[in-house]
Every structure is written in structure tokens, then in C-alpha cells.
Amino acid sequence: MNVENVGEIRALVLDDNTFARKFAVRALTSAGVAAVVEAASGSEAISILSRATNAVHLIFCDLLMPDMDGVEFVRHAATLAIVPTFVFVSGADQALLNTAEDMARARGLEVLGSIQKPISVDAVRRILTKLHDAAPQSHDAGRASITPAHIEDALNKKQILLHFQPKVSLTDGALVGFEALARWQHPDFGLIPPGAFITLAEESGQIAALTDYLAVLAMEQCAAWNHVGLHAKISVNLSAYMLVDLDLPDRMEMTTRRVDIRPGQIVLEITESGLFRDAATALDILARLHMKGFPLSIDDFGTGYSSMEQLRRVPFSEMKIDRAFVRGAAESSRARMILKSSADLGRNLGMSVVAEGAETIEDWKTLGDTGVDIVQGYFVAKPMAVEQVESWWRRVGDRRLGLA
Ligand code: C2E
Ligand code: CA
Ligand code: CA
């Protein structure tokens, strides 16, 4: 959705209950939404959306409706040429709202979130603040045409670089470290996110060259920051495809020696899914990285399979709970319970526990009683270029971030 301003948004309220519908219209209007249309049934909404004039940007969709329920409506709406961004509204339990959100996303639709009935102006305002984050720049033009030759070229021309996102302590807001995230600074397409080229690099066998290049960059940056007094751990993402290369631990260690940092400053994040294509080799590499002093982190925890098995055999010192469990935890007691139980497990295994994807003050507050130690997410800061990190750090410095 390409609307910068709440005052330009046209919204559709779909609810069979007249009172609830009027209530929602009033809340939306009070929150500054430009125009609000109403539909009392799914079929009425479909006919409004099918008319090309006066495109609707945002739809507030009730779930429980007699003729066509909200889930069926999403199924139909997904086939339309232009589909608005969804917000689900229901008096039903949050678990059902979460299912609806995931279902709509799985159908390729944009979802801002969900609101419990009755709708308040505050809840609408809160949802609308997510609009800017929900519409990332599209790189489809670049992505469609990316080939291994382009990646090769990008590496040669040093167009691939790192952005850094802070990780801070939940108890006192202190800076713990940064996660290094790959970005491709493309001369025509601008900044291309890793989703557009990492998988391709994995498939084309270029991930080793890319990872080596980025690990060196991260370690050099770590050393440079040490020199100016910014002592932080740097987390590097290690694709599971790298766990077939028996020389990796020696190469990593050699680079730390060359740039003069301790391996303990470089955390290696490994996504749990697909860890063990070749178990003997993967465990060989992970054991040796650990012995050399590199902390190992299990990334996207909770989304892969056989994660318990991996926790048993790999000496992880950090658990990063996937943002799927952080998003919406404020409203969902189920997500909160998963967070809590994961954090308990991590702590009992002597790991530090990181929650990723904390986007709002509610997320931050909710994490407070889950036993999580460290938080990463847009609420603290988005991933930043080196210069931005330095000015961010000068601003917040060693002073606690004032978040706790
Ligand atoms: P990841 O390891 O799970 O990294 C965290 C991702 O979450 C980053 O996306 C980050 O920008 C995003 N993020 C952080 N905070 C928030 C938040 O509050 N809300 C939301 N919605 N998102 C947040 P990014 O940079 O696009 O990276 C995507 C994935 O690409 C990474 O997921 C990682 O799996 C992969 N990746 C990135 N850099 C590298 C790399 O150098 N090597 C390898 N192998 N993979 C990389
Ligand atoms: Ca990661
Ligand atoms: Ca992750």
C-alpha cells in the first residue's frame, strides 16, 4: 500500500452488525482516516472492491459473519486484481485472530494486524502507525533479474555491505552487540535486502564466498569499533550451507588474529532448520568453532524442526526466539506462553535468550515478564549503515538507552 498519510487513506469496514460497524466508522474517522465506506456482508464488500473507482486501501474485516465469514471473504478477496491491506476485527479470542492473520499472509495479502472489539480510537491509531513499516520499498524489478553472474559482479565491485542492528539488555537497556545483516547497494535498484540474494547464493554455491567476504567485513568493523571505544559483540549469520566446509573454523580464527579481536566478540547465528544435512561434518565444524571461542547462537528458534535435538547436541550459548512469537505477544497469551517456556528452556541450558522483532513499546513491555534477557527489533533501532550506527551510539553512548 502506497499511502504516506493517514489523511489520504480510504477504508472499508466490513461487519454484519450495524452497531459495531457504525462504532468502527466513528473510531476510524476520529483517527483521521479520510474516507470510510461500509459493507454489511462479504458479497457487498467484494462488489465494492471490484469497482475500480475510489480504490480502498485498508479493510477492517470482521471474522464472525453469517453468510460469508471473514475467512471465506479473504479467500475470495485474494483473487481480486487489487486487494487492500487487512486489519482483522473480532470479539473472538486472539488465537483465532492470529490464525486469520497468518492465513491471509499465506494467501499473499498484506496484513497490518488485528483489533479486539469494541474498536477504540487508540487501537485504530496504533494500527495505523504500522502502515509505514508495512510498505517496504519494492525491489521486484531488481530481484526478478538477479542471476549468479550479478552476485559475482557485486562481490567483485564490493557492492555488498553490512548494516548493523543493536541488541540491548532488557533489564537495563545496555548495548550488548549488533547483528550484521547483508545489504546489496545496487547502482540501479538501490538497497536490495538479503532475502533477494542470499537464497540464490546458497543455490548457486556462492554462499561460501559471500559469507567469507561478509565475515571479514564484520570482523574488521568490530576491530575498528574497538579502537574508538565501541566494544560490542557482532553477530554474523552463518548459512547452514556453510556447515559442510571443514576449513571454516580455521579461516574464521585466522581472520580474528589478523584483525586482532577475540573470537568471543563474534557470535555465529545459525538457523536451526537444515542444520544437519551432513551431521558428522556439521557437528565437527560447530564443535571446533566453539572450542576456538566463537559463541554459537540458534537463530529463528521455534520455527525449525527437531530444535530440541539440536539444542541437545550443539553447544549453543545463545537462543534467538523468532519474531513470530514476539509479534502480537502483547495480545496473545499463547504467544506469551511460548515465549516464556522457550526463555525458561534457554536459561536452564545456560544460554542467553534474545527476542527478535520487538516493534512497539507493547512488545518491549510484554517481554519484561517472559524471562528474555536481550531484545532486538525496530523498537530499539532498525538495521543501520556504519555511519548511522556511529551517530546512534554517540547519541545513546554508554548511557543506558532509557528503555528499561
Ligand atoms: P534474521 O537472521 O532473522 O535477521 C533478522 C531480520 O529481521 C532482519 O531482516 C531484520 O532487518 C529484521 N528485523 C529486525 N527487527 C525487526 C522488527 O522489529 N520487525 C520486523 N518485521 N523485522 C525486523 P533482513 O536484514 O531483511 O534479513 C533477512 C534474513 O536474511 C536474515 O534473517 C538472515 O536469515 C538472512 N541474512 C541477512 N544477512 C545475512 C548474511 O550475511 N548471511 C546469511 N547467510 N544470511 C543473512
Ligand atoms: Ca540472524
Ligand atoms: Ca532470526
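Here, residue 1 is the first one in the sequence, and each next residue gets the next number.
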- Message: Would you say CD of Glu220 has more than 12 non-hydrogen atoms from neighbouring residues, nucleotides or ligands within 6.0 angstrom?
- Response: yes
- Do side-chain atoms of Arg10 reach the backbone of Ala55 as a donor and acceptor pair under 3.5 angstrom? yes
- Message: Using modelled atom types and a 3.5 Å cut-off, is there a donor and acceptor pairing between side-chain atoms of Arg336 and backbone atoms of Ala329?
- Response: yes
- Task: Could you tell me whether Glu359 and Arg327 have a side-chain N and a carboxylate O separated by less than 4.0 Å?
- Result: no
- Chi angles and distances behind the side-chain contact (heavy atoms from CB on, under 4.5 Å) call for Gln165, Tyr378: CA-CA 9 Å; Gln165 186 178 34; Tyr378 295 167; 3.9 Å; yes
- Begin with the C-alpha distance, continue with both residues' side-chain angles, and end with the deciding distance and a verdict on salt bridge (charged side-chain N to carboxylate O under 4.0 Å, His left out) for Arg288 and Glu253. CA-CA 10 Å; Arg288 293 189 63 238; Glu253 185 181 43; over 6 Å; no
- Item | Asp373 CG to Met319 CE distance, which is reported to the nearest 0.5 Å | 11.0 Å
- All heavy atoms of Ser114 vs all of Gln94, minimum pair found to be OG-NE2, 3.4 Å
- Item | side-chain contact (heavy atoms from CB on, under 4.5 Å) between Val314 and Leu296, intermediate numbers included | CA-CA 9 Å; Val314 180; Leu296 303 179; 4.1 Å; yes
- Within 6.0 Å of CZ in Arg334, more than 12 heavy atoms from elsewhere: no
- Note on the structure: From the list Leu14, Leu80, Val83, side chain to side chain contact (heavy atoms under 4.5 Å, CB included) partner of Leu49 resolves to Leu80
- Note on the structure: Distance col, row Leu311:CG vs Leu345:CG, nearest 0.5 angstrom, shows 5.5 Å
- Item | side chain to side chain donor-acceptor pair (under 3.5 Å) evaluation trace for Glu331 with Asn98 | CA-CA 10 Å; Glu331 296 100 47; Asn98 292 344; over 6 Å; no
- Task: Decide yes or no for Phe379 and Asp363: does some side-chain heavy atom of the first lie under 4.5 Å from some side-chain heavy atom of the second?
- Result: no
- Task: Please test Lys167 against Ser235 for side chain to side chain donor-acceptor pair (under 3.5 Å), starting from the C-alpha separation and ending with a verdict.
- Result: CA-CA 10 Å; Lys167 291 160 75 175; Ser235 299; 3.1 Å; yes
- Item | Leu162 to Leu217 - nearest heavy-atom pair and separation | CD1-CB, 3.9 Å
- Message: Check this for me: Lys233, atom NZ, are more than 12 non-hydrogen atoms of other residues, nucleotides or ligands nearer than 6.0 Å?
- Response: no
- Item | Straight-line distance of Met68 CE to Arg75 CZ, nearest 0.5 Å | 9.0 Å
- Message: Salt bridge check, Arg323 against Asp300: does any charged N sit closer than 4.0 Å to a carboxylate O?
- Response: no
- Item | Value rounded to 0.5 Å, distance of CD in Glu152 from CG in Leu210 | 11.0 Å
- Given side chain to side chain donor-acceptor pair (under 3.5 Å), test Gln265 with Asn226 step by step and report yes or no. CA-CA 10 Å; Gln265 262 194 294; Asn226 282 346; 2.8 Å; yes
- Heavy-atom distance under 4.5 Å between the side chains of Ile207 and Met242, does that happen here? yes
- Query: What do the steps show when you test Thr85 against Val111 for side-chain contact (heavy atoms from CB on, under 4.5 Å), and what is the final call?
  - Reply: CA-CA 6 Å; Thr85 300; Val111 181; 5.9 Å; no
- Message: With a 4.0 Å cut-off on N to O distance, would you call Arg251 and Asp245 a salt bridge?
- Response: yes
- Message: With a 4.5 Å cut-off on side-chain heavy atoms, are Phe60 and Asp15 touching?
- Response: no
- Query: Is His186 atom NE2 crowded by more than 12 heavy atoms from other residues, nucleotides or ligands, each under 6.0 Å away?
  - Reply: yes
- Task: Before giving the answer on side-chain contact (heavy atoms from CB on, under 4.5 Å), spell out for Leu214 and Val236 the whole-Å C-alpha distance, their side-chain angles and the decisive distance to 0.1 Å.
- Result: CA-CA 8 Å; Leu214 291 174; Val236 173; 5.8 Å; no
- Query: For the residue pair Phe164 and Trp225, is the inter-centroid distance of their aromatic rings smaller than 6.0 Å?
  - Reply: yes
- Hey, is the main chain of Asp299 close enough, under 3.5 Å, to the side chain of Ser297 for a donor-acceptor pair? no
- Message: If you define the side chain from C-beta out and look only at heavy atoms, does anything of Asp67 sit under 4.5 Å from Asp16?
- Response: no
- Roughly how far, to the nearest 0.5 Å, is the CD1 atom of Ile361 from the OG1 atom of Thr366? 9.5 Å
- Query: Would a 4.5 Å heavy-atom cut-off, applied to side chains only, mark Leu248 and Ile285 as touching?
  - Reply: yes
- Item | Least distance between heavy atoms, Met252 atom then Phe294 atom | CB-CZ, 3.6 Å
- Salt-bridge criterion met for Arg394 and Glu390 (N-O under 4.0 Å): no
- Note on the structure: Pro148 and Gln206 have their tightest heavy-atom pair at O-NE2, 2.9 Å
- Hey, could you give me the CG/CD1 distance between Leu367 and Ile374, rounded to the nearest 0.5 Å? 12.0 Å
- Message: To check you understand the geometry: which heavy-atom pair defines the closest contact between Met351 and Glu318, and what is its length?
- Response: CE-O, 3.4 Å
- Within a strict 4.5 Å, meaning less than it, do heavy atoms of the Asp284 and Leu243 side chains meet? no
- Pairwise side-chain contact, Val267 with Ile234, heavy-atom cut-off 4.5 Å (strictly under): no
- Task: Specify the closest pair of heavy atoms between Asp62 and Leu64, including all atoms of both residues, with the distance to one decimal.
- Result: OD2-O, 3.0 Å
- Query: So, are Lys340 and Asp344 salt-bridged, with charged N and O less than 4.0 Å apart?
  - Reply: no
- Check: Ile115 and Phe88 side chains under 4.5 Å, non-hydrogen atoms: no
- Task: Taking Ser47 for its side chain and Glu44 for its backbone only, find out whether a donor-acceptor pair lies under 3.5 Å.
- Result: yes
- Output yes when Lys365 and Glu362 qualify as a salt bridge under the 4.0 Å nitrogen-oxygen rule, no when they do not. no
